[in-house]
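I have placed the structure first, in the form of structure tokens, so that the comments after it can refer back to it.
Naming convention: chains lettered A, B, ... in sequence-line order (proteins, then strands); numbering from 1 in each chain.
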Amino acid sequence: MKRLLIATALVAVSGTAWAQDVVRLGTEGAYPPYNFINDAGEVAGFEREFGDELCKRAGLTCSWTTNDWDSIIPNLQSGNYDVIVAGMSITPERQEIVDFSQPYLQPTPSAYLALSKDADLMSGPVAAQTSTIQAAFVAENGMQVVEFATPEETVAAVKNGEAVAVLADSDYLKPIADESNGELVLLDKTESIGGGVGMAFRKSDKELHDKLDAAIKSMKCDGTLDAMIQKPEYFGPNSPLAWGDKGKEGC
Amino acid sequence: MFAACADPKAIEGLTWAMCYLTSAKHVDFYWSFVTVLALLAITAPAALAMGFMGATAARSHIAPLRWLGKVYIWMVRGVPDIIFFLFFVIALDQGIEYVKSLAVCPGGEWPWQGLEFRVCADAKVPLGNSPPIWHQLYGFLLAVITFAIVFGAFVANVIYGAMNAVPRAQLETAEAYGMSRAQVFRRILVPQMWIYALPGLGNLWMILIKATPLLFLLGVKDIVYYARELGGSKTQAYEYPHGDWRLWYFLGLMVFYLVFTRVSEIGIGKLTRRLSHGQATAGGEALRKAAA
């Protein structure tokens, strides 16, 4: 009887194998406007719209899943999803373990968020999210770094005085500063780090990599990528993340 | 959910609060309480069974079985939970997929290539194209197995101690009546050992209740995950922007956990009283005197 049940269950599970293959996209879901979980409990943000459009162009069926930033690369490698679309900057260290698509956003300017404009970055620790380019940057430039698992916690650390400032993508920090009623401000100083934002693949997934790379290029060529980046709810019309003429090279 | 909630940014006051608290994400949050309770309801008996088997094995007369029981208790108790939850679950997941790949994949390549784990698409559990609910159920199942193994080791040690605490005279009397070893075990040892095991088991139950946030490590979204996610400050990118409300959400969770543990304490107290009847323990003696 038990064996019969197991057999039935196996047939039920393997029966779905005939359906079309699905590409699973992994993201963090805590970094607006790049990606976040909206009030309907779904993945939303620029990368949601961008990823869905790419899948449409590449003729793939895609589904979204979220994962902690800390373990986002290990879970890609063990096959829990196939692509990371999580505002991940392309760096040589990451390139050693995963393959990146061509960048879909220009190198992102990083900004400091602090309690006042004259905050002294050397006077205390600067907060950054663990395993980000910003965390590495802070450490390499002689500042004291304090790391947190989520972006939310880095901002909270500044509010309660645990850190003098937080270094993160300016597009993430700007709305927080704007809506804080003057409690938090962006410093004038910005940093340009990273080599653009790309999607990460397993090194063995050449085929998927090529398909989505071609789709990114086609979005750059017909200008839909720039139009999407410049939407007011994402990065705004004057965003330095847009490609302009640079994206049209080789079309 | 309600018609009035169509444009959240235009409403305020009570309507806003009502719409906010019934947003789809909040409904997910409420469901996660059910997830946690379901996990506890399934894990507790499973861990008890694992522990009972572990303890029985550890005091077995057959040497290899005894070693197996002792090594299980020693190993799982000695490894920090968080390491166990990170390492074991990945190993279990990959192990399942490896075994399945032997059956369904052509070629039969060794899946561990450097840092990557690669099996053919058909060997994925659940399959990549199955609906999200299957992925959640699978994560939940891995969680139940892991919790059962981890807590089973602690339960095993408690039961092992409780079995040794049953007065030797009780067992000797049973043997004198001519009962076999299995009969002594079933009729005398097991019914009497519960009263000695209960304080330890009660402790473990309390710890298990509070250990559920480890669920998130396994990809199951539990109440603590949602409290942090919902409570975190929300900019205008969200439908319901607000400041950092994590304190309030965590206060809510604190009340939930306190009520839950208090109810558990009362339940354990009642159970202790019931099991003490007729036992040669101080508690049993007190009951006998009160009745006389």
Practice prompt. Examine whether an atom of A:Glu233 lies under 4.5 Å from a heavy atom of chain B, and if so say whether it belongs to the side chain, the backbone or both; otherwise answer neither.
Written response: neither

Item to complete: Check each atom of A:Ser71 against the heavy atoms of chain B and say whether the ones under 4.5 Å are side chain, backbone, both or neither.
Response: neither

Discussion item. With a strict 4.5 Å heavy-atom criterion, list every residue of residues 28-44 of chain A that contacts chain B, or say none.
Written reply: A:Gly29, A:Pro32, A:Phe36, A:Ile37, A:Asn38, A:Asp39, A:Ala40, A:Gly41

Fill in: Residues in residues 155-174 of chain A near chain B [non-hydrogen atoms, under 4.5 Å]
A:Ala156, A:Lys159

[X] (side chain) donor-acceptor with [Y] (main chain) under 3.5 angstrom:
X: A:Thr154; Y: A:Gln129; result: no
X: A:Thr130; Y: A:Phe148; result: yes
X: B:Tyr30; Y: B:Thr22; result: no
X: A:Asp82; Y: A:Arg24; result: yes
X: B:His135; Y: B:Pro126; result: no
X: B:Ser32; Y: B:Thr35; result: no

Discussion item. Please report the interatomic distance CZ(B:Arg118) to CG(A:Asp205), rounded to the nearest 0.5 Å.
Written reply: 8.5 Å

Worksheet item: What distance do A:Leu25 atom CG and A:Phe50 atom CZ have between them, rounded to the nearest 0.5 Å?
Response: 10.5 Å

Over all heavy atoms of both residues, which pair between [X] and [Y] is shortest? Give the atoms and the distance, please.
X: B:Cys5; Y: B:Ile11; result: CA-CD1, 4.4 Å
X: B:Ile149; Y: B:Met50; result: CG1-CE, 4.1 Å
X: A:Gln230; Y: A:Ala242; result: NE2-CB, 3.6 Å

Worksheet item: Mind checking whether B:Tyr98 and B:Trp112 have parallel, tilted or perpendicular rings, split at 30° and 60°?
Response: tilted

Practice prompt. For the residue pair A:Phe235 and A:Phe46, categorise the inter-ring angle as parallel (less than 30°), tilted (30 to 60°) or perpendicular (more than 60°).
Written response: perpendicular

Worksheet item: Just wondering, are more than 12 heavy atoms of other shown residues or ligands nearer than 6.0 Å to CG in A:Asn181?
Response: no

Fill in: For chain A, the option from B:Phe117, B:Tyr20, B:Phe29 that forms the most heavy-atom pairs under 4.5 Å
B:Phe117

Worksheet item: Please walk me through it: do A:Asp52 and A:Lys56 pass salt bridge (Lys or Arg N to Asp or Glu O under 4.0 Å)?
Response: CA-CA 6 Å; A:Asp52 285 349; A:Lys56 206 169 92 191; over 6 Å; no

Fill in: Those residues of residues 243-253 of chain B, ordered by number, that approach chain A below 4.5 Å (heavy atom to heavy atom)
B:Asp244, B:Arg246

Fill in: Residues of residues 220-241 of chain B within contact distance of chain A, non-hydrogen under 4.5 Å
B:Lys221, B:Tyr225, B:Glu229, B:Gly232, B:Ser233, B:Lys234, B:Thr235, B:Gln236, B:Ala237, B:Tyr238, B:Glu239, B:Tyr240

Practice prompt. Using a strict 4.0 Å threshold on nitrogen-to-oxygen distance, state whether A:Asp99 and A:Lys203 make a salt bridge.
Written response: yes

Worksheet entry | A:Ser204-B:Glu116 side chain donor-acceptor pair, cut-off 3.5 Å | yes

Worksheet, complete the sentence: The single option from A:Asp68, A:Asn67, A:Thr65 that satisfies side-chain hydrogen bond (donor to acceptor under 3.5 Å, both in side chains) with A:Asn75 is A:Asn67

Practice prompt. Pick whichever of A:Gly45, A:Gly79, A:Ser180, A:Ser78 has the most heavy-atom pairs under 4.5 Å with chain B.
Written response: A:Ser78

